[in-house]
Structure formats: C-alpha cells, structure tokens
Amino acid sequence: MKHKWLILAALSIPLALSAQSDTTRIFRSAISPGMTEMHERSFEMEDTPELQKTPDSLTRVQTTTIYHYTDTLTLLIASQDSVAKQREEVTYADSTSRKGHYIEAYVGLGYGSLGYSLAGTENRTIGSFSGLLQIQYAYFFHENWGVGAGLWFTNYTTHARLGGAYSWLDQTDTDLEQHYDHHSTVNRWNERQTIHNIGVPISLQFQYKKEDWKARIFADLGIAPAFSVMKKYKVLQGEVAHEGYYPAWNLWLNDMHEFGVKNYAYQGKLDVRPQVALFMDLGALLPLTDQIDLFLGGHFNIALNDVNKSTKHPLGWKDDTFTFMEEYTGAYSLDMAGKSHPWEVGVKVGIHWHHIAAPKHKTIDYFDYFTRTDTTVQLIARNDTSIVSRVDTLTRAHIKKAAEEVEKFNKIYFALASHQLTNKAKAYLSSIVGVLNKVPDAKVSIDGHASEEGDKTFNEILAYNRAKAVANYLISQGLDKDRVIVIGHGSLVPNEENVNHELPLDRRVEVKVVQKQSDIE
C-alpha cells in the first residue's frame with residue numbers, strides 16, 4: 001500500500017504544475033481591458049516541407065500553423081449621472097457680408113438749369129452751378145441689391161438774357177387824344193431765376209465687387225418727388241428805350257415821361273408746381289474701415305413733368321395804362337418761354353456707413369454627463385487547433401505562357417507631358433490582372449519612358465509618374481503590390497518598334513513578367 005501512495009503522489013505533481021500554469025494565464029486575461037478579448041499563440045510545424053523544385057515545375061508548400069485560444073468575456077455595468085453647468089457663448093456678426101442697414105450721406109456740385117428755352121434770336125437762357133446735400137437710409141436684402149429712401153436739398157439756377165425791339169401801333173397817349181405808335185427796345189437784360197427744392201429720393205441700389213478688387217462698383221436709380229421752398233427771380237441789369245411816333249405830326253418823341261430810357265431792377269417769386277425727378281448715381285466705393293466706405297462718382301437728375309405753372313403773357317404793355325413792364329413777373333412767365341424740366345449733372349462725394357451688429361453674449365445652461373462603469377470578468381477557456389495546408393504547383397511553361405500573353409500588347413501610350421491613363425489603357429490593364437494572378441510567384445516590371453523633347457530631368461520624373469500610374473491601377477484591380485517593380489527610364493530607352501522615330505510612340509509604359517526559369521533556379 002505504501003508503494004501505491006508513492007506512485008499516486010508522483011503522478012499528481014505534473015498535474016498540480018499544469019493547474020498552476022492555467023491559473024496564471026486566466027488571471028492575466030482577466031486584467032486585460034476591453035469587452036471581449038482573444039489571446040492567440042501559434043507555432044509552425046517542425047516538419048514543414050521546403051520549397052520543392054523539379055525541372056518542369058515549381059512547387060510551393062504553405063506553412064501549417066496550430067492556434068491556441070483563450071477567450072475573455074468582460075461584462076460592463078454602466079450608470080450615468082450629470083452635473084448642471086453654465087457657459088457663455090459669443091456670436092459675432094459677419095463683417096464681410098454686404099447685407100444689412102446703411103446710412104448714406106452725400107454732398108455734390110453740378111451744373112444745371114430750370115430746363116426751358118426762350119423764343120427769339122436775341123433771347124436765350126444759360127444754366128449755372130448748383131449744390132446738392134443728401135442723406136438717406138438703405139437696406140441691402142442681397143449682397144448686391146438694396147433699396148434706399150431719404151431727403152435731398154438742391155437748387156436750379158438759370159440766367160435769362162433778353163433783347164430785341166417791340167412795337168405797338170395805333171395807341172392812345174395819356175391825354176387820350178392823339179394816336180401814336182409805341183416802340184420799345186430791350187438792351188442788356190440779365191435776369192436770374194432760382195428754385196430751391198426739397199426732395200424725397202426713393203431708389204434701387206446696386207453694389208458689386210470681385211475678390212481681387214479693392215473698391216466696389218455702386219449705382220442707384222430712382223425717382224424723387226420734390227417741392228420748392230424758395231423760388232424767385234431778380235433782374236440784375238437791363239434797360240428799355242421807349243419812343244413814340246405820331247403820324248399826324250410826323251413826329252418822334254423820346255423825352256416825355258412815357259418815353260426815354262428806363263432801368264428796371266425787379267424781383268419777385270416764380271410760380272412753380274411740385275415735380276417728380278428721375279435720378280441716377282454711378283461711382284466707386286472705397287473701403288475706409290469695416291463699416292465705412294467712401295463714395296466717389298457722379299449724379300444726374302431731371303424733372304419728368306413741366307414745373308412752370310405761370311400765367312403766360314407777352315413782353316410789353318399791360319393793357320392801355322401805359323405801364324410797360326411795371327408789373328413784370330419774370331421771363332419765366334412770358335409767352336415765349338417753353339416747358340420747364342429742371343435738370344442737373346455733376347460730381348458727388350459721400351460716406352456709406354454699414355451697421356454691423358455688436359457681439360451677442362448668451363449664457364447657456366447645460367448638463368455635463370459622466371458615466372460610472374462596473375466591470376465583471378468571466379473567463380471561457382478554449383483550445384482550438386486550425387491546420388491549414390495548401391500546395392500550389394506551377395509549371396514553368398505556365399509562367400512562360402503568362403509572360404508571353406502579358407507582353408503581347410504590353411505598351412501603354414500617353415499624351416505629351418501627361419501621365420493620365422486613357423480608358424483604352426485601363427481596359428487593357430484590367431484584362432491582364434487575371435493573367436498575372438495565375439502566376440503568383442512571378443514579379444511584374446513596369447518601365448516608364450518619355451520622348452526626347454523637353455528637359456531631361458522633367459522627362460525622368462514624367463517617365464516614373466507614368467509607370468507609377470500603371471502600377472497603382474493594377475494594384476487597385478487586385479494585383480499584390482509586393483510583386484510590382486516600378487522603373488522610370490526618362491527618354492534614354494527608345495521604343496524598339498518605333499522604326500520611323502515617331503515621338504508619340506516613345507511616350508509609353510511597358511509591362512513585363514520578369515520571374516522566369518532562370519530567375520527561379
């Protein structure tokens with residue numbers, strides 16, 4: 001019995017050592033991170049055959065491997081919690097956007113007139129310089145388009161120059177006894193007429209700028225209802241020579257109170273109606289700051305309606321009271337005055353101020369979530385063995401046939417200075433991938449070439465890029481990249497088939513199978 005117990009104790013020692021080894025392995029797996037983890041141990045069989053060679057074939061024996069697995073199952077129990085917090089967010093307006101609100105202010109100087117003419121060869125009108133003040137609000141609903149409205153103050157001035165001789169026959173003198181002919185001659189008559197307008201311009205506005213421009217193009221077009229706040233005329237100088245001819249006595253008189261030379265210095269108001277003016281501006285906006293642009297350009301406006309509502313009368317007598325021009329109301333009210341459409345054209349300078357909203361500060365309440373995780377580890381021991389063995393046998397005749405099939409049409413041609421593959425080239429390369437995969441032990445040489453024109457260094461880079469383009473396409477179609485050899489020859493190696501030395505035939509890539517009988521032995 002004693003001998004039996006000794007024998008049992010001797011047999012239990014290896015089992016105890018084996019159990020200790022398993023416990024250590026399980027603990028190592030338990031402390032590994034992750035939900036599920038696989039430990040792998042492999043070794044090669046010692047009796048793996050070496051590469052076999054025969055005169056007519058190549059035999060490749062793949063290594064047999066045995067795997068041992070131990071699976072670790074980790075169970076995670078997670079609980080989520082949160083903490084209330086606050087953060088401040090700041091939102092900035094886009095200063096590069098041209099949309100939004102604008103305040104526009106201008107001053108201008110131009111030339112204009114009341115826009116009417118006087119009949120008669122010796123009568124004429126001359127315009128004068130005038131000023132413009134304008135302020136308005138604009139809103140751009142698009143990067144380029146907007147609308148505007150505001151106020152302007154402007155004036156129109158015309159100088160009327162009168163002349164000529166006028167006669168009234170068979171008149172009765174102051175004694176109401178004698179009949180005579182009254183003759184008057186107007187000399188050096190200069191009369192200034194001015195109206196000052198307040199208008200309400202309403203316009204469609206446009207601004208445009210390319211990325212490489214420093215300034216913007218600006219234009220607007222609109223109408224401006226306007227009314228006159230001051231409207232007056234003044235005779236600056238002028239005289240009228242009066243003479244009377246009495247036929248009964250064949251006598252000319254020019255020294256009586258009705259006759260002789262008289263000077264007039266009249267002034268008064270013009271009778272005008274409200275106007276509707278058409279106006280336009282065109283110029284450039286030069287940026288001064290993010291919000292302020294300087295406008296430089298020109299302007300034009302003209303009244304669409306006739307603003308002269310004077311009662312027209314002839315130049316000369318007022319009925320029979322011998323009060324020639326005593327109640328003169330200005331050349332604007334003469335029957336020789338045409339329709340009046342005041343107009344002005346000139347230059348304009350202004351400021352465009354673009355409203356950019358101030359940064360907005362906002363406090364946001366939010367919850368910061370965090371997770372508590374409890375981990376439970378469960379070990380599942382598993383021993384598994386996977387034995388994979390495959391023997392491939394390729395005849396040298398097979399390799400030779402594949403090489404001949406690839407090299408039969410192995411030249412890929414390119415355009416001048418290009419390494420882009422044509423659809424025809426891609427179709428050919430796709431067709432030979434299957435052939436190359438049938439000889440997995442064969443290497444594929446891809447040689448790039450360039451024609452002689454151009455710089456030598458450039459051609460070397462171009463030839464390599466052409467070969468690289470072909471290699472990348474073959475790899476994308478399933479060819480193992482470790483089998484590919486890429487070589488760029490530049491323009492050093494001519495095309496053997498190019499007997500006529502045509503340059504397009506030298507811009508090529510040649511694909512060859514390089515592992516043949518001699519390479520294996």
Side-chain angles (χ1 to χ4, degrees), residues 110-130 154-171 180-197 228 230-245 252 254 258-273 275 277 301-346:
Y111 180 85
S113 77
L114 294 180
Y116 76 96
S117 59
L118 291 170
T121 57
E122 298 186 38
N123 301 319
R124 59 194 177 99
T125 58
I126 302 174
S128 182
F129 289 99
S130 56
T154 187
N155 64 286
Y156 308 93
T157 299
T158 293
H159 288 266
R161 306 292 173 85
L162 303 179
Y166 303 87
S167 299
W168 293 265
L169 304 180
D170 196 20
Q171 301 295 317
Y180 77 105
D181 298 333
H182 196 108
H183 299 273
S184 300
T185 303
V186 181
N187 298 317
R188 300 185 304 277
W189 193 275
N190 183 6
E191 179 181 324
R192 183 180 65 214
Q193 301 150 7
T194 303
I195 61 174
H196 299 269
N197 277 356
S228 301
M230 288 187 289
K231 42 199 175 179
K232 59 185 178 180
Y233 73 91
K234 182 177 183 180
V235 179
L236 302 179
Q237 66 175 6
E239 63 180 22
V240 181
H242 298 278
E243 292 181 310
Y245 174 68
W252 286 88
N254 56 19
E258 297 96 339
F259 310 115
V261 177
K262 296 185 178 180
N263 295 320
Y264 297 89
Y266 288 102
Q267 63 182 3
K269 293 184 178 181
L270 301 177
D271 195 7
V272 299
R273 61 173 58 92
Q275 69 185 59
N301 64 74
I302 185 171
L304 299 176
N305 60 309
D306 180 13
V307 303
N308 188 354
K309 70 171 186 177
S310 303
T311 301
K312 302 296 182 70
H313 59 79
L315 175 65
W317 290 86
K318 180 187 176 185
D319 51 52
D320 295 331
T321 59
F322 308 101
T323 55
F324 178 83
M325 301 184 99
E326 292 295 336
E327 295 186 14
Y328 177 71
T329 56
Y332 203 56
S333 62
L334 297 179
D335 59 0
M336 65 177 68
K339 292 184 178 180
S340 176
H341 295 272
W343 61 270
E344 181 183 31
V345 61

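Heavy-atom basis, side chains included; hydrogens, waters and symmetry copies ignored.
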Quick one: does [X]'s side chain have a donor or acceptor within less than 3.5 Å of a partner on [Y]'s backbone?
X      : Y      : value
Gln193 : Gly330 : no
Thr158 : Leu114 : yes
Asn190 : Arg161 : no
Glu122 : Gly164 : yes
His196 : Thr154 : no

What distance separates [X] [atom1] from [Y] [atom2], expressed to the nearest 0.5 Å?
X      : Y      : atom1 : atom2 : result
Arg124 : Leu118 : CZ    : CG    : 11.0 Å
Asp271 : Lys309 : CG    : NZ    : 5.0 Å
Leu270 : Ser333 : CG    : OG    : 8.5 Å
Met230 : Asn155 : CE    : CG    : 8.5 Å
Glu344 : Tyr111 : CD    : OH    : 11.5 Å
Lys231 : Arg273 : NZ    : CZ    : 11.0 Å

query: Below 6.0 angstrom between ring centroids: does that apply to Tyr180 and Tyr245?
result: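 Not close enough - the centres of the two rings lie 6.0 Å or further apart.
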
Option passing side-chain hydrogen bond (donor to acceptor under 3.5 Å, both in side chains) with Tyr156 (candidates Asn301, Thr194, Asn197):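 One option only clears the test, and that one is Asn301.
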
Check [X] against [Y] and note the closest heavy-atom contact, atom names and distance.
X      : Y      : answer
Ser128 : His159 : CB-CD2, 4.4 Å
His242 : Ser184 : ND1-OG, 2.9 Å
Leu334 : Leu162 : CD1-CD1, 4.4 Å
Lys312 : Gly338 : NZ-O, 4.5 Å
Ser340 : Asp306 : N-OD1, 2.8 Å
Ala303 : His341 : O-ND1, 3.1 Å

Just wondering, do [Y] and [X] contact through their side chains at under 4.5 Å, heavy atoms?
X      : Y      : value
Asn123 : Trp189 : no
Ile195 : Pro342 : yes
Thr157 : Ser130 : no

Inset, instruction - Would you please classify the geometry between the Tyr332 ring and the Tyr116 ring as parallel, tilted or perpendicular, with 30° and 60° separating the classes? - result: perpendicular

Does atom CZ (Arg192) have a neighbourhood of more than 12 heavy atoms from anything else shown, all under 6.0 Å? no

